[in-house]
Amino acid sequence: MAKYLAQIIVLGVQTIGKAFSRALKQEIDMSRQAAARQASSGRGSQQTQAQNLRTGMTLEEAQNILNMEKLDKEVLEKQYKHLFEVNEKAKGGSFYIQSKVFRARERIEQEMMAEEKK
């Protein structure tokens with residue numbers, strides 16, 4: 001009986017490990033593709049690329065996370081507040097998602113400041 005239980009546990013751990021590594025590889029590939037798309041489109045200035053590296057996400061990704069179509073300070077604050085509160089760990093939310101929401105807000109704010117300077 002213990003032998004079968006051990007085999008089930010080992011099989012489960014292997015399956016979860018493979019799924020996790022596959023998801024991680026997929027995320028890395030998607031990040032590389034997004035960076036390549038931006039670099040090849042000619043839109044990416046050095047400043048934009050530096051901001052992407054600093055926050056770890058593109059402006060497009062940040063807008064997708066916060067569900068924003070255009071840059072608007074009021075919409076940004078509303079979306080950020082809602083998503084940050086919904087994903088609060090004390091309420092059973094995800095700290096990972098909460099951190100993504102925070103980084104998305106940072107990235108959009110950087111873009112808004114760069115536009116104001118122009």
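Numbers for residues simply follow the sequence, beginning at 1.
With a 4.5 Å cut-off on side-chain heavy atoms, M1 and L5 do not count as touching. Between K100 and M57, some side-chain heavy-atom pair lies under the 4.5 Å cut-off. In this structure, the side chains of R103 and I65 stay at 4.5 Å or more apart for every pair of heavy atoms. Counting heavy atoms from C-beta outward, Q63 and L71 have side chains that approach closer than 4.5 Å. You'll find the side chain of Q98 stays beyond 4.5 Å of the side chain of L83, heavy atoms only. A heavy-atom distance below 4.5 Å is not found between the side chains of R22 and K25. Contact check for K91 versus V86: no side-chain heavy atoms found under the 4.5 Å cut-off.
Among residue pairs with one or both ends in residues 83-104, those qualifying as ring-ring contact (aromatic ring centres under 6.0 Å, His included) are Y80-F84; sequence neighbours excluded.
Here K89 contributes atom NZ and I97 contributes atom CD1; the two are 11.5 Å apart, rounded to the nearest 0.5 Å. Residue F20 holds its CZ atom at 5.5 Å from CG of L24, rounded to the nearest 0.5 Å. Here M30 contributes atom CE and E61 contributes atom CD; the two are 8.0 Å apart, rounded to the nearest 0.5 Å. Interatomic distance, CD of E77 versus CG of D72, reported as 10.5 Å (0.5 Å rounding). Interatomic distance, CD of E69 versus CG of N64, reported as 10.0 Å (0.5 Å rounding). For the atom pair CG of N87 and OG of S99, the computed distance is 9.5 Å after rounding to the nearest 0.5 Å.
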Residue pair R107, Q110: steps toward the side-chain contact (heavy atoms from CB on, under 4.5 Å) verdict:
CA-CA 5 Å; R107 178 64 180 94; Q110 287 175 355; 4.1 Å; yes

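Between E109 and R105 there is a salt bridge, with a side-chain nitrogen of the basic residue lying less than 4.0 Å from a carboxylate oxygen of the acidic one. Salt-bridge annotation for E74 and K78: absent, with no side-chain N of the basic residue lying under 4.0 Å from a carboxylate O of the acidic one.
The shortest heavy-atom contact between L59 and E111 is CD2-CG, 3.5 Å.
Residue-environment remark: CD (E115) exceeds the threshold of 12 foreign heavy atoms within 6.0 Å.
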